[in-house]
Amino acid sequence: MAALLDDLTSFINDLRQAGIPIAASQLDDCFRSLLLVDWSLEPAFHAAISSTLVKDAAWLPVFEEIYGRHFYHFSQQNQAARDRELHALRNGLQNRINGTGSQSGSVLEAGQFSRNPDACQVRRNQSPRLKNPITQDFYGATWEEIRRMEAVFPLLARRLATRMVKKRRRNQNAQLDYRRTMRYSLSTGGVPLNLFVNKREREKPVIVALCDVSDSCLHYSFFSLALVHSLERFFRQVRSFAFIDQTDEVTSLLKQSNFSNLRSQVLLNADTVGDSGYTDYGAAWASFLAKYGDCLTPRTTVLIFGDGRTNWFPSRSDLLKEIKSRVRKVYWMVPETEDDWAKGDSSMESYKKHCDQVFECLNLDGLTRALAQL
Amino acid sequence: MSNMKNDLRELQQGLEKTGYICDTPTATVLYLAAALGKPVLVEGPAGVGKTAISQAYAEYYNRPLIRLQCYEGIDEAKALYEWNYKKQLLHIQAVAGHELNVAEVEHEVFSDEFLLPRPLLQAITSPEPCVLLIDEIDKVDMEFEALLLELLSEYQVTIPELGTVCARSIPMVFITSNASRELSEALKRRCLYLFLDFPDPELETRILQLKIPGIQSELAGQMAAALRSFRELDLKKTPSIAEAIDWGMALTLMGLETLEAEAVLTTLNVLFKYREDLDKARNIVLKEQEV
């Protein structure tokens, strides 16, 4: 019997190690479900496990991968061998649930799922730990991890949009609609039980997004660009610019391309490389002001996405100061923590003074949080 | 235990009779939800039949379907119960002339008679078991979600003036969500999770054949294949199953037996509701035609 029960144990350990949150009550539900379904029907077995353990579609691919690793042989076995194992396992589970009564979940927890830390350790080394794509840092992410982030991106964009709608509704400082309130109070004998308010539309800002697309924060910038554009309907207008040591407008490129070919489109078609080819914020500011200075108006909000690492070129924070003086707000989203700003070639310390606010956006979660505050 | 397979098949066939085809994993989740008395949280893209599944379930078991359509700003007065204050005011005015003590009037005014049950209260006070559909829960605020927890785990509702109302029968609860907001862990833990995706071409062919009388099987198969490639495009709005059925209706009305590029081009507006989407789909069809 041990084979399959052990497999189930290590399976759940692996799920948890991959970061899938599984509560004790979920284990309870899972075992109860397993006792209810006929295991010779593989889709039913699978559904019993997945519907009780995974409650977020973003985790399903991770779950499938681990499921495949553990139960592949299960579908390959012949009927008799499978039945034997299942019968034994079912008895095992039944005993466990009956024997421990209402606390079955927690006892299973203590007794079965954390007994052997060494075994866990071995497994952890065997299979690279999968991280949650939403809270994983951009810095140091592998291509595969970036692709996983891209997979959850549409979901995030949608959630952010919902948050923006809600915030917009809450923020309206409302005035009492006297006429309507009085009219409805007539049906309650002149007592105004319901108050009605006039809703006022808030003016939408014009967004100018400036993105550092050099190697050091490439992925970060593209997620930012795509996210800003997914929010287009909340703003009067969105204009995007990419730079390395020269600035070029990429608004129309973004509109034409979809998220998957965005990166190559911008890198191939935008004129972002000037004389040196190395990130030079000073030169980028200068060329931005010269070519597109007229898009800076008191209605504009400027968003800057970049790490502020200037390759020891002059930081020219005076130019950022000029930008600041011509627009409503300047926000900077940095993919580094504040501790790193003073290190190396980062000029964040001098740029910080000319920003209304600087946000640390280490991962997709941080990025969406920062944008939600616009 | 060995009956489980039969039960499952019966459920699938029963649902199919009401016009809903579901695969084995979906049927398993429904079966487990009924056996464990747990709500089902259904997620998936728009238009895959999240709402339809509860309607089919209610129809198959011949139970009343009580639906709570969620929207932003919904509160307990709209979802759970409300005091009929107009009636209460009238009542107070009517008894004003009589000699009655205050406590008695108060007691009268806060009784069942003046309570307006809203969908959630209706569902648990229903004498026969019903199907409760809480549609698009991601549209509501966090506070409202917390309100649902008591109902979903204990099947009871606490009304401050009346006390706790326990369910007379356990309803089968479906909660649908478009994942536009992260739901609370507490709610997710209480539910069985069912992720519905667009059906594979084989299943979609069966759906089209079931829903469109007189459709040629070859046409249905080709449509399903075409729909699959349409859904792979990067679209503003992906064609739903309902739209696919409308499309099939249109094509059969035109008397087609196999899919022809020209007919597809003239009927694309049934599937696509944005100009950009239409252009993309048209390009694909034209490219296909050249090959």
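The sequence lines fix the lettering, A, B, ..., with proteins before strands; numbering per chain opens at 1. Not measured: the values here are computed from a predicted model. Basis for what follows: all heavy atoms, side chains included, without hydrogens, waters or symmetry-related copies.
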With a 4.5 angstrom heavy-atom cut-off, is it the side chain or the backbone of [X] that approaches chain A, or both, or neither?
| X | result |
| --- | --- |
| B:Asn178 | backbone |
| B:Lys86 | side chain |
| B:Leu8 | side chain |
| B:Leu194 | neither |

Between [Y] and [X], is there a side-chain heavy-atom distance shorter than 4.5 Å?
| X | Y | result |
| --- | --- | --- |
| B:Leu41 | B:Leu183 | yes |
| B:Lys38 | B:Cys191 | no |
| B:Phe272 | B:Phe230 | yes |
| B:Val42 | B:Ile175 | no |

Take a 6.0 Å sphere around OH of A:Tyr184 and say whether it holds more than 12 heavy atoms from other residues, nucleotides or ligands.
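Open.
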Looking at chain B, which one of A:Ser187, A:Ala47, A:Ser51 has the largest number of heavy-atom pairs inside 4.5 Å, strictly under?
A:Ser51
Greatest number of non-hydrogen atom pairs under 4.5 angstrom with chain B, of A:Leu53, A:Val54, A:Thr52, falls to A:Val54
